[in-house]
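These notes are about the structure you will find just below.
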Amino acid sequence: MIKVSNLSFSYKKGGAPVLAGINLEFDQRSTAIIGQNGAGKTTFVKLLKGLLKPDNGDILIHNVNVKMKTTAAEMAGTIGLVFQNPNDQIFKRTVLEEVMFGPLNINMGKIIAERQAIQALKMVELDDKLEMNPHDLSLSEKKLLCIASVVAMDTDIIILDEPTIAQDIHGKEKIREIIQALKDKHKLVMTIIHDMDFVAENFERTIVFNEGKVLLDGDTRYVFSQKDILREAKVEAPGITQLAEKLGFKQTILTVEEFIQMK
Amino acid sequence: MNKIIVQGLKYKYPLSDMLALDDISFQVNEGEFIGIIGKNSSGKSTLCQALVGLVPHFYKGAYGGKVLVAGLEVKNHSLADISLKVGMVFQNPFTQVTGSKMTVYEEIAFGLENIGVPRKEMIDRIDDVLTLLKIEHVKDHNPFDLSGGQMQRMAIASIIAMKPDILVLDEPTSQLDPAGSEEVFNAIQSLSKQGITVILAEHKMEKVAQYCDRVLLLNDGRVVDVATPEIIFSRDDLETYGVLAPVYTRVCRALGVKKDGSDCYPVTLEAAERVLRKGVPLV
C-alpha cells in the first residue's frame, strides 16, 4: 500500500537530518513504530501524510507519488492521521461537528458524513455527547474523539500517534476493538506508541526507529526477541517478555496467556 | 509528621449533578511517595487539583470537608500562598505552558519570577532542573517547538525549580518513551528521598508498583483503599474498579504463586522472577 524509498528529511535546510535513507514497504499488516523520543517517528508519519515534504526520496501510496501532490488535502481521502495532542486537532464547537468535519472535507455528502460520524462516535462511546463542546471533554475522551474523527473518514490508511495516552483499561479495550474493526475492513493501521504491552497484544509488525534510521523491522515476536538491538534503540520489550526471558524461556513470550501455557 | 491531611472532602463541579469527590479522607507523611490510581473519571485529576487549591478556588463549585497541605488549609488560603508549598505538573503539558514566554529557559523562569526568587538563585535553579530533566540542549527553543516528550520534561522542570514541599504530578510521563519515563521516575524518587512529599496520579501500574510507598485506589470519587502496592494489587476485586494489576502480579496470580511468608502477590519484575524461580519447574 505504501512504498518508501531512500527517504531523507531535515527541518532546517542543510541542518542535521531527522530521517536518513529510509526504505520501507507497508502491506495490510497492522504496524507499530517504536523508538525513543526524537527518533523521527512523528516526522516520518507526517511525511507519509504529506504534511511535510521530503528532502530526498519518494513515497508512493497506492502507486501515487506523494511528492506530486501539491497539498496534503489531496491525500486526505487516502490517509488519516490522529495527532498525538488532541488540542492540535480539535476546533469545532460540538462533538458531532468535529467528527463530521473530515468526511465533509473530503466531499462526502452531508447525510453520509453524519452517518459515518455517529457510527464512529458509537465505537468510542461518545454518541451520547454529540452536542457537547469538545473542549469540555476529558483528555482521554478528547483522544477518543480524535480517533473517531479520522475513522469517520473511512480512509484506507489510518495512523494513530500515541493512542493509549491517558486511557484506562476500558479506554484501551475500546481502542483495541477499533483497531480490530479496521483490520477486519482490510485497512492498514499504523501506530506510533511507547506502550509495549499494547504493541505485543495488537500489532503484527513492529518497526524500531533509532536516530532517524530503521534499526529493526519484522514480526512483532521477532522484534521483541532481539534484546541487544532493542537496548541499542533504548526500547524495552514488554514486561511479560522480559520476565519470561529472565526465567530462561526459549520462546519469546508476548502475552500473559502465552506465559501461563508455557509454564 | 503529616504533610497532607484530607478529611471528609466532598466536591462537585459547577453545572454537574454528581460529586466528583465523595467523602475523601487520607493522610500522607512527609517524604512519602503516594500513587493515585483508578479508572478514568474516578476523581484522580480532581483530587490532584484539590491538593493545589485549583479545586475550589479556580473551578468554584460546591466544596465540603478539609484539606491541609503543609499546614495550610486550602479553602482559607489563596492559590498564591498554596503555590509556595505545593507544585503541580499538569496531565497535558500543552495546557501547562504559559504561552507568554519565547524560550524554554524563560518558561522555567516564569514561576520563579512570580514568587520573587532572586536572579542569581533563579539562574542556579534553572540550570539544575535543565540538567536533572536532560533538556539543556533545548533551553533556547520555543516551548511550542518541542516534542511531546521534551515539553513534558519542561513542564516537570518548571515545577521542580520552584522547590515545593509537596509535588503533585498528574500522569507526568504519558508522552515519554520507556527510557525517558524511567529517568523521570528516578528523578522524582530522588526528590522524594530528599524529603519532598510526592503525589502521583498514574495509569502505568508497573511504575506505581516499583516506585510508590503507598497507593490510593479511587473509584467514583471515593477512596476504596490506601495501602502498599502489594496489598492493593493483590486485591481480588481490582478489575471491578477498572484497574489492571502490573503484568507481573497478573501472571503470578494466574499461577497461584504468592510472595514467601505473605498473602500478597509480587508486583515488580524482580520479585516475580524470585518467586517464579522457586515455584514451578521451568520449561
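Throughout, protein chains are lettered first and strands after them, A, B, ... in sequence-line order, and every chain is numbered starting at 1. Computed over heavy atoms, backbone and side chain alike; hydrogens, waters and symmetry mates excluded.
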How long is the gap from [atom1] on [X] to [atom2] on [Y], to the nearest 0.5 Å?
{"X": "E270(B)", "Y": "K246(A)", "atom1": "CD", "atom2": "NZ", "value": "6.0 Å"}
{"X": "S147(B)", "Y": "Q84(A)", "atom1": "OG", "atom2": "CD", "value": "7.5 Å"}
{"X": "H203(B)", "Y": "T164(A)", "atom1": "NE2", "atom2": "OG1", "value": "10.0 Å"}
{"X": "F94(B)", "Y": "N85(A)", "atom1": "CZ", "atom2": "CG", "value": "4.0 Å"}

Can you list the steps and then say if I169(A) with V243(B) is a side-chain contact (heavy atoms from CB on, under 4.5 Å)? CA-CA 7 Å; I169(A) 47 173; V243(B) 173; 5.8 Å; no
Is there a side-chain contact between [X] and [Y], using heavy atoms and a 4.5 Å cut-off?
{"X": "D197(A)", "Y": "E206(B)", "answer": "yes"}
{"X": "L269(B)", "Y": "Q242(A)", "answer": "yes"}
{"X": "Q150(B)", "Y": "N37(A)", "answer": "no"}
{"X": "L243(A)", "Y": "L276(B)", "answer": "yes"}

Could you look at Q167(A) and say if it's the side chain, the backbone, both or neither that has a heavy atom under 4.5 Å from chain B?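 Answer is both: backbone and side chain atoms of Q167(A) are under 4.5 Å from chain B.
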Walk me through whether L255(B) and F259(A) qualify under side-chain contact (heavy atoms from CB on, under 4.5 Å). CA-CA 10 Å; L255(B) 295 167; F259(A) 187 103; 3.8 Å; yes
Where the side chain of N40(B) meets the backbone of A166(A), is there a donor-acceptor pair that is under 3.5 Å apart?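 Judged by distance alone, yes, a pair lies under 3.5 Å.
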Non-hydrogen atoms of chain A under 4.5 Å away: do they reach the side chain of [X], the backbone, both or neither?
{"X": "Q175(B)", "answer": "both"}
{"X": "L176(B)", "answer": "both"}
{"X": "E171(B)", "answer": "side chain"}
{"X": "T95(B)", "answer": "side chain"}

Highest number of heavy-atom pairs under 4.5 Å with chain A: which of E273(B), E239(B), K39(B)?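 The option with the most such pairs is E273(B).
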